There are 2 protein chains.
Amino acid sequence: MSTKPISTPERKRGEGVKLVYEILRDDIIDLVMPPGSPIDEIQLAERLSMSRTPIREALVRLAGEGLVTTLPNRSTVVSNIDFLNLHTFFDALTLMYRVTTRLAAEYRSTEDLAQIRAHQAAFTHAVETQDALAMISTNRAFHAAIAEAGRNPYYTGLFSRLLDEGRRILRIYYSSFDDRLPQEYVDEHNDIIAAIEAQDIAAADRLASQHADQIVNQIRRLISRDRRQQIAL
Amino acid sequence: MSTKPISTPERKRGEGVKLVYEILRDDIIDLVMPPGSPIDEIQLAERLSMSRTPIREALVRLAGEGLVTTLPNRSTVVSNIDFLNLHTFFDALTLMYRVTTRLAAEYRSTEDLAQIRAHQAAFTHAVETQDALAMISTNRAFHAAIAEAGRNPYYTGLFSRLLDEGRRILRIYYSSFDDRLPQEYVDEHNDIIAAIEAQDIAAADRLASQHADQIVNQIRRLISRDRRQQIAL
DNA sequence: TGTATTTTTCTTGTCGACAAGTTTTTTCTG
DNA sequence: CAGAAAAAACTTGTCGACAAGAAAAATACA
């Protein structure tokens with residue numbers, strides 16, 4: 001975690017919480033603060049030059065989203081990634097990939113398609129320049145845009161949480177990205193876009209399902225490879 | 001909302017937030033505080049004889065779950081029920097009914113079954129005594145227990161929110177319950193229990209789907225009937 | 001009398017301080 | 001010197017107070 005103070009000489013009333021929330025959220029998702037990192041309220045308050053009240057409010061919100069864990073009367077820490085129950089994560093992620101893509105095919109507007117295509121362009125660029133970090137974030141934005149087009153807030157809410165959790169997991173292994181897979185992702189994304197544009201719900205469901213399997217399998221491979229390396233040490 | 005002060009002479013450190021959270025949550029779900037009700041922090045603080053800090057923390061949590069809406073620099077109010085987009089609610093509810101029941105059939109332990117049966121007994125009793133309010137809450141507990149048996153925290157989290165929202169909607173119409181339908185629900189619940197016990201995933205899925213359709217249709221009927229009455233006035 | 005403007009009142013957002021626990025350090029004792 | 005007990009240092013949870021903004025009331029004006 002960077003400790004340098006952030007210059008916030010003037011802040012509007014009500015923006016403090018938002019600021020802290022977004023800083024912590026980004027730092028947690030990008031693993032700047034790895035799982036288990038303690039979050040010191042006083043330190044944060046000094047760094048952002050504000051009182052502990054807005055800090056605590058942001059922490060309560062983050063706890064509600066499962067990104068931090070509050071240990072009563074003890075420190076708040078960045079939530080751990082539960083590798084033992086990853087299958088529940090994969091299961092929910094796959095389901096949300098499917099239903100959001102289905103709904104997008106059903107309800108997408110022309111503007112939705114433009115948004116989705118813009119994110120896909122960014123993802124393609126990240127793949128071409130082999131920027132693994134950019135791949136992870138643009139991939140998230142691409143699928144979040146699809147979910148938005150589906151217009152079901154219950155799904156977008158859960159899906160966002162799952163995508164964030166997936167980002168954390170991928171960041172751990174981002175250095176060991178295969179450069180063969182990303183191109184496949186680009187192609188699959190394009191197929192999904194085509195199905196959404198054609199409003200072919202069945203195809204959207206099938207493609208999303210396959211895409212989810214690809215990602216799940218990739219994560220599984222990254223984890224097992226990592227485990228082998230650890231044993232080799 | 002009842003305004004009588006609650007006797008809380010001594011409270012342990014850290015229990016204040018939990019107390020406020022549960023009181024507000026229950027009052028909102030049971031429509032003691034109907035949608036749109038303003039929540040006055042100072043009034044609440046005086047009634048529970050504590051400062052505004054724990055009150056605000058509880059409100060942030062409730063806002064995270066969508067039960068209250070915070071209007072910046074203005075009052076926090078109980079969230080409205082979005083009747084215009086009820087289809088997104090029905091869609092998500094049906095899906096969660098299905099996946100949680102499927103998973104329960106797959107992973108249920110003997111203790112899970114006992115829990116589920118206990119809730120079903122309570123539901124049956126509520127139907128027999130024609131206690132509509134008890135039907136609503138025991139029905140929720142029954143399905144929540146099934147979801148717990150499926151052991152996917154992402155699903156149980158979303159499902160809980162949906163069940164709570166459904167409880168709010170049903171409470172609005174609780175006086176106009178048909179007395180024919182509840183008996184069907186009892187039978188359907190028993191079929192679902194049988195499928196879960198037999199670990200018949202396909203049957204569990206199918207029954208949950210039918211059950212969800214029943215409930216969705218019932219709510220739709222209650223709403224349209226209510227609308228006709230309003231027009232008749 | 002009705003509308004615009006100012007003033008007052010009220011509620012929320014933020015702050016600094018203190019109390020209740022927890023962890024770490026120090027001191028005591030065998 | 002090792003382990004237990006006591007004390008100090010630190011962190012979190014709660015409080016009362018104040019400032020900023022919004023709603024309501026009062027006033028001015030046509």
Side-chain angles (χ1 to χ4, degrees), chain A residues 1 3 5-25 27-28 33 36-64 66-79, chain B residues 1 3 5-25 27-28 33 35-64 66-80:
Chain A
M1 180 176 61
T3 322
I6 290 175
S7 62
T8 47
E10 52 223 46
R11 242 185 316 103
K12 272 181 195 161
R13 180 186 170 85
E15 286 184 357
V17 179
K18 204 181 159 217
L19 179 74
V20 186
Y21 172 78
E22 284 170 0
I23 288 177
L24 285 177
R25 191 171 171 284
D27 280 0
I28 292 169
M33 304 178 77
S37 307
I39 298 173
D40 188 323
E41 295 176 5
I42 297 172
Q43 207 174 312
L44 251 176
E46 281 171 4
R47 183 153 73 92
L48 303 178
S49 51
M50 61 175 73
S51 91
R52 279 173 51 225
T53 308
I55 307 274
R56 283 180 64 84
E57 190 168 323
L59 287 177
V60 172
R61 284 181 57 185
L62 290 165
L67 288 174
V68 305
T69 306
T70 307
L71 312 169
N73 282 323
R74 262 176 288 160
S75 63
T76 302
V77 298
V78 177
S79 294
Chain B
M1 181 175 62
T3 321
I6 291 176
S7 64
T8 48
E10 53 222 44
R11 243 184 316 104
K12 271 181 196 163
R13 179 188 171 84
E15 286 185 358
V17 179
K18 205 182 159 216
L19 179 73
V20 186
Y21 172 79
E22 285 170 359
I23 288 177
L24 285 177
R25 192 172 169 284
D27 280 0
I28 292 170
M33 303 178 77
S37 306
I39 298 172
D40 188 322
E41 296 175 4
I42 297 171
Q43 208 174 312
L44 251 176
E46 281 171 5
R47 183 153 71 95
L48 302 177
S49 52
M50 59 175 73
S51 88
R52 279 173 52 224
T53 309
I55 308 274
R56 285 179 64 82
E57 191 166 323
L59 287 177
V60 171
R61 282 181 59 184
L62 291 165
L67 289 174
V68 304
T69 306
T70 307
L71 310 169
N73 282 324
R74 262 176 291 160
S75 63
T76 302
V77 298
V78 177
S79 294
N80 270 76

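The chains referred to below are lettered A, B, ... by the order of the sequence lines, with proteins before strands, and numbering in each begins at 1. Since we're looking at a predicted model, the values are computed, not measured.
Residues A:V68 and A:I28 are in side-chain contact: their nearest non-hydrogen atoms beyond the backbone lie under 4.5 Å apart. Between B:T53 and A:T53 there is no side-chain heavy-atom pair separated by less than 4.5 Å.
Taking A:V60 as the reference, B:E57, B:V60, B:R61 meet the side-chain contact (heavy atoms from CB on, under 4.5 Å) condition, with sequence neighbours excluded. The side-chain hydrogen bond (donor to acceptor under 3.5 Å, both in side chains) test applied to B:R25 returns B:D164, not counting sequence neighbours.
At least one donor-acceptor pair closer than 3.5 Å links the side chain of A:S79 to the backbone N or O of A:G66.
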> What string of B, S and - do you get for nucleotides 6-16 of chain C 5' to 3' if you count protein non-hydrogen atoms under 4.0 Å?
Replying inline: -----SBBBB-
